[in-house]
Amino acid sequence: MKNNLQIYNTLSRKKETFEPSNPPFVGLYACGPTVYGDAHLGHARQAITFDLLYRVLSHLGYKVRYVRNITDVGHLENDADEGEDKIGKKARLEQLEPMEVVQRFMNAYHKNMRELGVLSPSIEPRASGHIIEQQELVTKIIDAGYGYEVNGSVYFDVAKYSEKHAYGKLSGRKTDDLLANTRNLKTQSEKKSPLDFALWKKAGPEHIMQWPSEWSKGFPGWHLECSAMSAKYLGETIDIHGGGMDLLFPHHECEIAQNVAGYGKEKVRYWMHNNMITINGQKMGRSLGNFITLDQLFTGDHQLLKKSFDPMTIRFFILQAHYRSTLDFSNDAIAASEKGLHRLHNAIRILNKIEADKNGVVNAAELQEKCEAAMKDDLNTPLMISTLYDGVRMINSLHEKRIKTDVENLDLLKKIYTTYVYDILGLTPESSGRSDSAITEQLIGYVLRLRQAAKERKDYETSDQIRDTLQKMGVVIKDRKDGFDWEIG
RNA sequence: GGUCGGUUUGCCGAGUGGCUAGGCGCUGGUCUGCAAAACCAGUUACAGCGGUUCGAAUCCGCUACCGACCUCCA
């Protein structure tokens, strides 16, 4: 299968032609959220980026197994392997079971993803459900000589690993530099070196979530889950691994080390990283407290928001920038996307009303080629969208009969917009934004007031016509002495 | 401090050597009983300095500024 899909590989720092190891099958893994808070704009970008990739690969005919994990244990608060578990802390603060916290925010995450048109992954594994697999990997790493146990905790020996392997090759770091820049932790560390990271941590009494193991009652290190779960579901070497750029170091670097040490194989063939969303030029992040959650965007309930925005507007806003560029949030920028998206959808609506003419002149094939080329060039959605706007101008000109199209080109145009706007970009058609039933309610009330007015001026022809027409629609009118009532029966 | 990336027209944002990206805004126009909407057209910028080249936003060097990672973060 020759598709010429170019993707930027963080490992080589250049675009490469994508060739899966076992076509037509593709294994795709993307790091999902740690579910201890509401999803924000940054989570949306990560999810939409890899949703887009999933859709593109499927469009190109690949059979994709897309694994996106949920981190529900092992992700510590701060300072290398010394802090409190994020979810455990939230549970303690709110007096909930950790799994209640997980369930609540996982449900919220799923709801947000559905709203954004993000397809469900093929498999969505959770760290807490793969403790055995993670322990097995720890054992493998110890057996290979790259892990050591201290007081019931197990750490990865980065110095040992660096003798034969390049720790830091993904993020472009050298262990010497890392060592020179490591802060001296005040606390006495069990680790041989500050660069070493936890594979298994012995749980203190404050840790609610803990599991038995041959080393101690404890919990897995954060980096471990992605290594173990990706290997379980996608094999020891996977085609594409993605995530946010902020995970590059240390998370992905550690994943590589764990896999190479444990399985003796290179972990990932293509690494892909989406860039951050900024706000006032600064990264939007939980730790900086400058984030806007997706629910806040959808409701407008945030002091920085001038109005609410539809989920599809957010999706379009994100897709209007390339996934490897930073994207700056502002009310004006999203409002611009909102209007632009409306114009795009409007053109698609118009497209279905256009009639073909034998003497057509439009060239839809060129449009299609451009869209396909942009898509295959490292998912260049902004370029693809600009091409779709060239088509919008074409559609409007057809609508106003300034130019004509034959039936072949008309059909191709329809196919282009269905394929690229709906299937690939995942921008589902606009809804009115209000519930249909609310509008129906108001509409019937309005029509009946017109009928009432007709009756009052004794225009019974009109009033009877309205009554009969509504009755045929199933609306039963109940005239009363002082007005009217109705129901849909 | 180390590593990496960025600086594009009023705003957002593509673009790796010659050919107007695009969206929003703005200006003009078409349509319209009025208004709105819609549509069309115009709007030619690439941080600064130097270099390579017939030709640079695009390649090289220096300077300035901004950011990410180096501790949790999509």
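Proteins get letters first, then strands, A, B, ... in listed order; numbering begins at 1 in each.
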**Asked** Pairs in or reaching into residues 382-391 of chain A: which pass salt bridge (charged side-chain N to carboxylate O under 4.0 Å, His left out), with residues at least two apart or in two chains?
**Response**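 Of all non-adjacent pairs touching residues 382-391 of chain A, those that pass salt bridge (charged side-chain N to carboxylate O under 4.0 Å, His left out) are A:Asp390-A:Arg393.
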Counting only side-chain heavy atoms from C-beta out, which of [options] sits nearest to [X]?
X        : options             : value
A:Arg343 : B:C70, B:A74, B:G23 : B:G23
A:Ala321 : B:G23, B:C39, B:A14 : B:A14
A:Asn396 : B:A74, B:C39, B:C24 : B:C39
A:Ala336 : B:A21, B:C69, B:C24 : B:C24

Answer yes or no: does a side-chain N or O of [X] lie under 4.0 Å from OP1 or OP2 of [N]?
X        : N     : answer
A:Asn275 : B:A74 : no
A:Lys283 : B:C69 : yes
A:Arg286 : B:C72 : no
A:Arg393 : B:G23 : yes
A:Ser330 : B:C11 : no

What's the gap between [N] and [M] when it is taken at their [atom1] atoms, as a whole Å value?
N     : M     : atom1 : answer
B:G10 : B:G42 : C1'   : 16 Å
B:U32 : B:C26 : C1'   : 23 Å
B:C66 : B:G29 : P     : 45 Å
B:U7  : B:C11 : C1'   : 16 Å
B:U9  : B:U27 : C1'   : 16 Å
B:G25 : B:C65 : P     : 36 Å
B:C12 : B:G67 : P     : 15 Å
B:C60 : B:C4  : P     : 14 Å

**Request:** Rounded off to whole Å, could you give me the CZ-to-P distance for the A:Arg13 and B:C69 pair?
**Result:** 15 Å
**Prompt:** Do A:His223 and A:His252 have ring centroids that are under 6.0 Å from one another?
**Reply:**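 When the ring centroids of A:His252 and A:His223 are compared, they turn out to be at least 6.0 Å apart.
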**Request:** Give a yes or no on whether the ring-centroid distance for A:Phe309 and A:Phe298 is below 6.0 angstrom.
**Result:**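 Centroid separation for A:Phe309 and A:Phe298: 6.0 Å or greater.
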**Message:** Suppose we screen for ring pair (Phe, Tyr, Trp, His ring centres under 6.0 Å). Which residues come up paired with A:His43, at least two apart in sequence or across chains?
**Reply:** A:His40
**A:Lys283 backbone acceptor or donor facing A:Asn290 side chain under 3.5 Å** =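 It does hold such a pair.
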**Test item: A:Tyr417 side-chain N/O and A:Leu388 main-chain N/O as donor-acceptor pair under 3.5 Å** = yes
**Message:** Suppose we screen for side-chain hydrogen bond (donor to acceptor under 3.5 Å, both in side chains). Which residues come up paired with A:Thr326, at least two apart in sequence or across chains?
**Reply:** none
**Asked** How would you list, by chain and number, every residue that makes a side-chain hydrogen bond (donor to acceptor under 3.5 Å, both in side chains) with A:Lys14, sequence neighbours excluded?
**Response** none
**Asked** So A:Leu96 and A:Arg104, side chain to side chain contact (heavy atoms under 4.5 Å, CB included) or not? Walk me through it.
**Response** CA-CA 11 Å; A:Leu96 296 168; A:Arg104 190 216 294 175; 3.5 Å; yes
**Request:** Return the stems involving RNA chain B, sorted by first number, where pairs are Watson-Crick (N1-N3 with N6-O4 or O6-N4) or G-U wobble (N1-O2 and O6-N3), both under 3.5 Å, and runs are 3 or more long.
**Result:**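 Stem segments, range with range: B:1-7 with B:64-70, B:10-12 with B:22-24, B:25-30 with B:38-43, B:47-51 with B:59-63.
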**Message:** Under 4.0 Å, heavy atoms only, any strand: does A:Gly244 hit a base, just the sugar-phosphate, or nothing?
**Reply:** sugar-phosphate
**Item:** Members of residues 160-167 of chain A that approach RNA chain B, where some heavy atom sits under 4.0 Å away
**Value:** none
**Message:** To the nearest 0.5 Å, what is the distance between OG1 on A:Thr10 and NE2 on A:His241?
**Reply:** 10.5 Å
**Request:** Map A:Arg173 and A:Pro382 onto RNA chain B by nearest heavy atom, then report which one ends up closer to the 5' terminus.
**Result:** A:Pro382
